[in-house]
Amino acid sequence: MDQEKVTEFLGRFVTDLAATDAAGSVVIGHRLGLYRALAQGPATPERFAERTGCHQRYLTEWLRGQAAGGYVGYDPVTGEFSLSDEQAFCLADPNGPNVPAAFLISLGMLRAEPRITEAFRTGAGVGWHEHHEDVAVGCDAFFRPGYVAALIPSWIPALEGVDAKLTTGARVADLGCGLGSTSVLLAQAYPHTTVVGSDYHAGSIELARKRAAEAGVADRVTFEVTTAQTFTGENYDLVTMFDCLHDMGDPLGAARRVRQALAPDGTWLLVEPYAADAVEDNLNPVGRLYYSASTFLCVPNGLSQPGGYALGAQAGESAVRQVITDAGFTRFRRAAQTPFNLVYEVRP
């Protein structure tokens, strides 16, 4: 045994364990608005307690831990803690990367560990709707900034003729819409277009309706509780799916239903997690993140539904292409990509 390699591995372990334990502190900072408060300016724990109304002793430990992890800055001369502009953008701005929301997802899904452990033994599924509400809320909060940054500015323009149709006025079906952020974004960007969002989770659809009303687009965005295999309507100019096909027990059935519902010259915008076809090419930090989430969320959900699929978050382009081809589509191409997503254009 190589002692240096043991030491190297233990160093990795300490880093991972520290990050795991710190997840709770990040979520506390998110729930209590501590990052937003610190973004207002540097503060000692005492002044920070006055600013936030929280207990100074708890805040002291929280601030020191955040500084140890590089999430917060510390000045030993003044004893003040602070956020740089970059840290504030990532931690305190809901329209930034919204890093705390990702930790909210993690803590939410880890609550299901006993059930997932038992599912390893039995092969049973665990649906998304069976997880703690933090999972759905966290997913919307974390993924929304990415959609804001890319959906209208780059993904829609990457599709042949779609921007022009939406501008003139088109019919859109947004499948697996969750809390409706993508449905609302499309309606806001294209005032002459109508959107029907759908999701099998009634709780998410309830929140989606509220958010559409708050955004002032409820007259053009409607929602229904239904699956991707049974959503209503025909002759859609655009069907969208954002990070959800791989979660389905029957993605082939969903793809066939999409083909039926599309207009002859319609387009399916399919967004999936970034993944390579070869396992070894996914053995990196992003792949680790997605495989871990897939173990707790995506694969269990697929196994909880009829259809016989459990693609998982790292299915890769070839597996997705096979589903699309089996459904009868004749055109499939990668239209765009980001470090976290692959964006496909699918045509009949």
With sequence neighbours excluded, tell me which residues meet salt bridge (Lys or Arg N to Asp or Glu O under 4.0 Å) with Asp237. none

Using salt bridge (Lys or Arg N to Asp or Glu O under 4.0 Å) as the criterion, list what pairs up with Glu160, not counting sequence neighbours. Arg347

If the threshold is 4.0 Å, N to carboxylate O, is there a salt bridge linking Asp134 and Arg31? yes

Are the charged groups of Asp16 and Arg288 less than 4.0 angstrom apart, N to O? yes

State plainly whether the residues Arg121 and Glu118 are in salt-bridge range, i.e. N to O under 4.0 Å. yes

Do Glu80 and Arg47 meet the salt-bridge criterion of a basic N to acidic O distance under 4.0 Å? yes

Would you say the side-chain atoms of Asn341 and Gln337 include a donor-acceptor pair closer than 3.5 Å? no

With sequence neighbours left out, which residue pairs that include part of residues 229-253 fulfil the ring-ring contact (aromatic ring centres under 6.0 Å, His included) condition? Tyr147-Phe242

is_close_aromatic(Trp128, Tyr200), centroid dist under 6.0 Å: no

Would you check if the distance from the ring center of Phe340 to the ring center of Tyr274 is below 6.0 Å? no

Under 6.0 Å between ring centres, would you say that holds for Phe103 and His30? no

Taking salt bridge (Lys or Arg N to Asp or Glu O under 4.0 Å) as the test, write out the residues that go with Arg12, two or more places apart. none

Can you name the residues that form a side chain to side chain contact (heavy atoms under 4.5 Å, CB included) with Glu130, not counting sequence neighbours? Arg115, Val126

Examine the side chains of Glu113 and Thr117 and answer whether a donor and an acceptor come within less than 3.5 Å of each other. yes

Only counting residues at least two apart or in another chain, list the ones meeting side chain to side chain contact (heavy atoms under 4.5 Å, CB included) with Phe89. Asp93, Pro97

